[in-house]
Each structure stands twice: as structure tokens, then as C-alpha cells.
Amino acid sequence: MTDLPGRENDPNENPFAMFGDPEQIAAAMRQFADMLSAPPSSGPVNWDMAKNIARHVVAAEGDPSVMEGERRQIVDALNLADLWLNEATALPSGVSNPQAWSRSEWIEKTVPVWRQLCDPIAARMVETMSGTLGAAGLPAEAQAMAGPLMGMMKQMGGMMVGQQIGQAIGSLAREVIGSSDIGLPLSDSAALLPGGIAAFSEGLETPGEEIRLYLALREAAHHRLFQHVPWLRSHLLGAVEEYARGITVDVSALEEQLRGLDMNNPEQLQQALSGGNLLKPEETDRQKAALARLETMLALVEGWVGTVVDGAAASKLPSSAALAETVRRRRATGGPAEQTFATLVGLELRPRRLREAAALWQALEADRGVDGRDAVWGHPDLMPTADDLGNPEGFVRGEPEFDLSGLEASLREETPAEDDEDGKGGKGDGKGDGKGDAG
């Protein structure tokens, strides 16, 4: 009997116990099969495998299909919210085909954008990993003849990255509410997830209809921005790509972890693939600058959405202020899935200065009205910077405290001295030298 001491792993009771956990072995073998079946031109990540892993993650906790009644409630909420927004913003509607998704459908619909976001980062990681794996333990002459092996190592690296991406997207799918609540344009369609709304509503003493309408307002407001500010999508995704171009990997740490990895041990391989420790990018100055730009723009997007939604909901939803604070806390702290994704690609998709950005948009509206506030989105050069978030009044009024008269007086004082020394041409003047050289 298995309940007797010392008989827990008795092969007579379980002849396969000596090989480890059957579920872990099956998962590892499935991942190897996905890797080997990936076409050579599939890119740095096997996205079919990543998508399957993400779906397994959400299915493990249950992912029921959207019922017709749920779908109708969400479509009606999105359409009504879109009408309310007409009174709060000058941007036209961005809701043309409102939808209700299950978590698996969210994965399916958003994978094209995740691919655009993750492929540049994954490519750098895979190249580094394949080089490290291929060079480990091989003499120089053997490395020159290891072309097929390097190809396999590149597939192995792509599998590792793909497995982590799948885990991260699947975990994120368990927490999201719609297509835009992480601040990036993941889909052209406005959509909400009944499961996400239910999770958000837990513990709130607010009628379900109010919660659904408030979240629909946020979804519809995001889509007004993403659909009608033509440069915004490329600006946000470009910041991620700029981050990817500056990525580096700690090769020595990678070699240390791979040195003890037994490729014939499915359980150890499964643990290594899911641990997230092999792929931690280092931060460089270039990455920090790109990340700062991304965080500023995410804050501006979220601050505008919050301001517009507050204006649209204030007289219609009694609980709008409490719901707004709940959303702000949720976005400011991030959930476990966002932290998982941050570990994966080094990006925290959080608007750290959300309250400051909201204060800036509110100040703009008070000074210029709704049309003047929304006109700032007309060109990226008009947008507030990170410094402006700390001085919203200065941005709104065009920095009136900056006195040009002092600069003009200073220039007048310097000009006569230069003229006396250099005459009209002024050899001592850089401009004068340039003209003399040209002559």
C-alpha cells in the first residue's frame, strides 16, 4: 500500500514514479514537440507554442465561453459609454464593433501586437543564448563545424523565450478587463472580458451595472485616442522597440546557469524554462531613456482617459469617484501578471506619474476648455514632457516665468565687446571665422 512508510515511490505501486512527475514530463515533451515542429522562418519565437502555453495557463483556472446575455450586456454598455463620451471630449468615436471576449479570445486577438512588441527583444535574447549554448564546452575548431548544432541551439533559445512569453501573456489574460487597460493598443476593436469585470468587481459594494458602464467608458475612451491620434500607436510601440535595440544580456550569468542544466532531465528542464531566471536583461542608459519616454506617455494616456471618463460619468454614475480611485490604485501598483511581464522583457507597463498627468489635463481643460485640451494630441511635439508633469501650470501658460528680457540684455552687453575686438567681420567670432573660411 502506498500509505506505508517508505512506499511512496515504490515502483510496484507506480512503475513510472522513478521518472518524476508525469504532468511535468508531459509538459516538457509537448514543448519539445512544439519546438521541433516550428518552421525555420518562424522568427525568434515559436508563437504557436507561446499561444498554446498562454491558453493552457487560462484554461487551468477555468475560462468559460461568453454567454449571449453577457455579450449583449457588454455591447450595450460600450455603445452607451461611447455616447456619453461625446459630451466629454472633442475626439470622435473609436467604437465601431464592440465585442465581449473570453480570456482565450483575448489571447488570440492580441497576439499580433504582442509579437510586434516581443520579437525585437526576443531576437536579441535568442542570439545571445544560442551563442552561449553553442560555445559552452566546445573547442574553437569544433565551434567552426557546429552549424547544425547552432541552429538547434537557436531553436532551443527560441523555445525558452516563447515559453516565458506564453506564461506571461496567459497570466496577464487572467487579470485584464479589456483590450486597452494596460495602456497599449492591443486591438483595433473595443472589447471587455466578463471574467475580468467579475474579478475587478470582487469586494466592491457597487452595482454591477455601474461597474460595467464605468469600465466601458475607460475602454471606449482609450479607443478614441488610439483610433484618432495617428502618431500615438507608433510612438508607444516605438518606445518598446527602442528599448529592445539597447538590450544586453549578462552572458556570464547565463553561462553559469546553463552549465549545470541537464538536457536529458525533463523535470529540470521544465523548471529552468518556467523560472524566468535565464532571461533577465540588463538595464543600460539607452533602455532607461526609452523606458522613461514610455512611462511618461503611458501616464499621459491614462491621465487623459481618467479625466475624460470622470467628466462623462460624474453626473451619471454615483460611484464613479470610488471606481476611479480603485482603477488608479490598480494601475499604479500593478498585479502579479504585470510583474511577470516586467521580469520577461524588463518593461513595467505602469504609468508611475498618473496623478500628475491627470492634474495637467485638468489644468489644460480649465484654461483652454475641452477642445483646447484635446488639441494637444494633434502633434507629438505639442505633448507635455516628463518635466511638465511636475509643473502643469507652467505647461498650460507657456512658462510665463521664463523672462526673455534678461537674455536679451545679456546679449546686448556682450555684443559691443565682440564688435570692438573683431570689427565687422570678427576673426575672434566663430561666425566670422566661418564666413572667412567660406570666402
Side-chain angles (χ1 to χ4, degrees), residues 82 85-86 88-97 109-110 112-121 178-191 218-246 286-309 331 345 347-354 356-365 367-389 392 395-396 398-399:
D82 202 41
L85 288 173
N86 289 335
T89 174
L91 295 180
S93 170
V95 177
S96 57
N97 182 27
K109 301 286 188 180
T110 61
V113 177
W114 289 121
R115 184 168 190 162
Q116 182 180 351
L117 287 171
C118 295
D119 268 356
I121 298 172
S179 73
S180 60
D181 56 326
I182 65 169
L184 295 176
L186 297 179
S187 172
D188 290 335
S189 298
R218 288 184 51 81
E219 178 75 5
H222 274 102
H223 278 271
R224 291 204 177 208
L225 270 185
F226 295 147
Q227 297 292 336
H228 298 292
V229 179
W231 55 266
L232 180 57
R233 178 186 177 90
S234 60
H235 190 90
L236 285 169
L237 301 185
V240 179
E241 292 171 2
E242 175 65 19
Y243 173 90
R245 283 195 289 270
R286 185 174 183 177
Q287 286 174 289
K288 290 177 182 177
L291 191 56
R293 287 195 298 274
L294 179 62
E295 288 177 344
T296 298
M297 189 54 63
L298 286 174
L300 290 170
V301 168
E302 289 296 312
W304 182 88
V305 167
T307 300
V308 168
V309 168
R331 289 293 287 127
V345 298
L347 284 174
E348 292 185 350
L349 301 176
R350 262 186 272 157
R352 295 181 181 276
R353 305 179 68 181
L354 175 55
E356 293 166 279
L360 187 146
W361 290 118
Q362 291 161 10
L364 273 172
E365 181 178 341
D367 188 77
R368 306 180 189 178
V370 168
D371 290 351
R373 178 200 66 196
D374 293 348
V376 174
W377 290 104
H379 193 278
D381 290 346
L382 300 176
M383 294 299 294
T385 64
D387 292 338
D388 293 324
L389 294 182
F395 176 80
V396 171
E399 297 285 359

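Position 1 is the first residue of the sequence, and the numbers go up from there. All figures in this text were calculated on a predicted structure; none of them were measured in a lab.
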Trainee: Kindly give the heavy-atom pair with the smallest separation between Leu300 and Pro384, and that separation in Å.
Mentor: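 Distance-wise, the nearest heavy atoms are CD1-O, 3.5 Å.
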Trainee: For Leu232 and Val301, run side chain to side chain contact (heavy atoms under 4.5 Å, CB included): C-alpha distance rounded to whole Å, both residues' side-chain angles, the deciding distance at 0.1 Å, then the answer.
Mentor: CA-CA 9 Å; Leu232 180 57; Val301 168; 4.2 Å; yes
Trainee: Is a side-chain N or O of Ser187 found less than 3.5 angstrom from the main chain of Ser189, in a donor-acceptor match?
Mentor: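 Yes, because the side chain of Ser187 sits within donor-acceptor range (under 3.5 Å) of the backbone of Ser189.
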Trainee: Stepwise, does the side chain to side chain contact (heavy atoms under 4.5 Å, CB included) test hold for Leu186 with Phe226?
Mentor: CA-CA 10 Å; Leu186 297 179; Phe226 295 147; over 6 Å; no
Trainee: Could you go through the side chain to side chain contact (heavy atoms under 4.5 Å, CB included) check for Ser93 and Gln227 one step at a time?
Mentor: CA-CA 8 Å; Ser93 170; Gln227 297 292 336; over 6 Å; no
Trainee: Should Phe395 and Asp387 count as side-chain neighbours, where that means a heavy-atom distance under 4.5 Å?
Mentor: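 No - every pair of side-chain heavy atoms lies 4.5 Å or more apart.
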Trainee: Name the residue from Val308, Val376, Val396, Val305 that meets the side chain to side chain contact (heavy atoms under 4.5 Å, CB included) definition with Trp361.
Mentor: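 By the side chain to side chain contact (heavy atoms under 4.5 Å, CB included) criterion, Trp361 pairs with just one of Val308, Val376, Val396, Val305: Val376.
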Trainee: Between Asp367 and Arg373 (salt bridge meaning N to carboxylate O under 4.0 Å), is one present in this structure?
Mentor: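 Arg373 and Asp367: not salt-bridged.
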Trainee: Before giving the answer on side chain to side chain contact (heavy atoms under 4.5 Å, CB included), spell out for Asn86 and Arg224 the whole-Å C-alpha distance, their side-chain angles and the decisive distance to 0.1 Å.
Mentor: CA-CA 10 Å; Asn86 289 335; Arg224 291 204 177 208; 2.7 Å; yes
Trainee: Of the non-hydrogen atoms in Glu356 and Leu389, which two are nearest, and what is the gap between them?
Mentor: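 Scanning both residues completely, I find the closest heavy atoms to be CB-O, 3.6 Å.
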Trainee: Could you measure the distance from the CG atom of Leu184 to the NE2 atom of His222? Nearest 0.5 Å is fine.
Mentor: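 The distance works out to 9.0 Å.
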Trainee: Under the side chain to side chain contact (heavy atoms under 4.5 Å, CB included) test against Asp374, which residue among Thr89, Leu225, Val229 passes?
Mentor: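 Checked Thr89, Leu225, Val229 against Asp374; only one passes side chain to side chain contact (heavy atoms under 4.5 Å, CB included): Thr89.
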Trainee: When you compare the side chain of Asp119 with that of Trp114, does any pair of heavy atoms fall below 4.5 Å?
Mentor: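 The answer is no, as the side chains (C-beta and beyond) never meet within the 4.5 Å cut-off.
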Trainee: Minimum heavy-atom separation for Ala386 and Thr296, please, with both atom names.
Mentor: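 Scanning both residues completely, I find the closest heavy atoms to be CB-OG1, 3.6 Å.
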Trainee: Going from CZ on Arg115 to OG1 on Thr110, what distance comes out if it is rounded to the nearest 0.5 angstrom?
Mentor: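 Result: 13.5 Å between the selected atoms.
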Trainee: Nearest 0.5 Å, what's the CG-NZ distance between Asp188 and Lys109?
Mentor: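 Spacing of CG (Asp188) from NZ (Lys109) equals 11.0 Å.
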Trainee: Identify the two heavy atoms, one from Val309 and one from Ala221, that lie closest to each other, and give their separation to 0.1 Å.
Mentor: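 Smallest interatomic distance, heavy atoms only, reads CG2-CB, 4.0 Å.
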Trainee: Shortest non-hydrogen contact from Asp371 to Ala90?
Mentor: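 Looking at all heavy atoms of both residues, the closest pair is OD1-CB, 3.3 Å.
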Trainee: Can you tell me how far apart CE (Met297) and CG (Leu236) are? Round to the nearest 0.5 Å.
Mentor: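 Those atoms lie 6.5 Å apart.
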Trainee: Looking only at atom types and distance, does a side-chain atom of His235 sit under 3.5 Å from a main-chain N or O of Trp231, one as donor and one as acceptor?
Mentor: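 Side chain of His235 to backbone of Trp231: no pair is present.
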Trainee: Which atom pair, heavy atoms only, marks the closest approach of Glu219 to Ser180?
Mentor: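 Result for this residue pair: OE1-OG, 2.8 Å.
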Trainee: Run the side chain to side chain donor-acceptor pair (under 3.5 Å) test on His223 and Ser96 for me, step by step, so that the C-alpha distance in whole Å, both residues' side-chain angles and the decisive distance to 0.1 Å come before the verdict.
Mentor: CA-CA 10 Å; His223 278 271; Ser96 57; over 6 Å; no
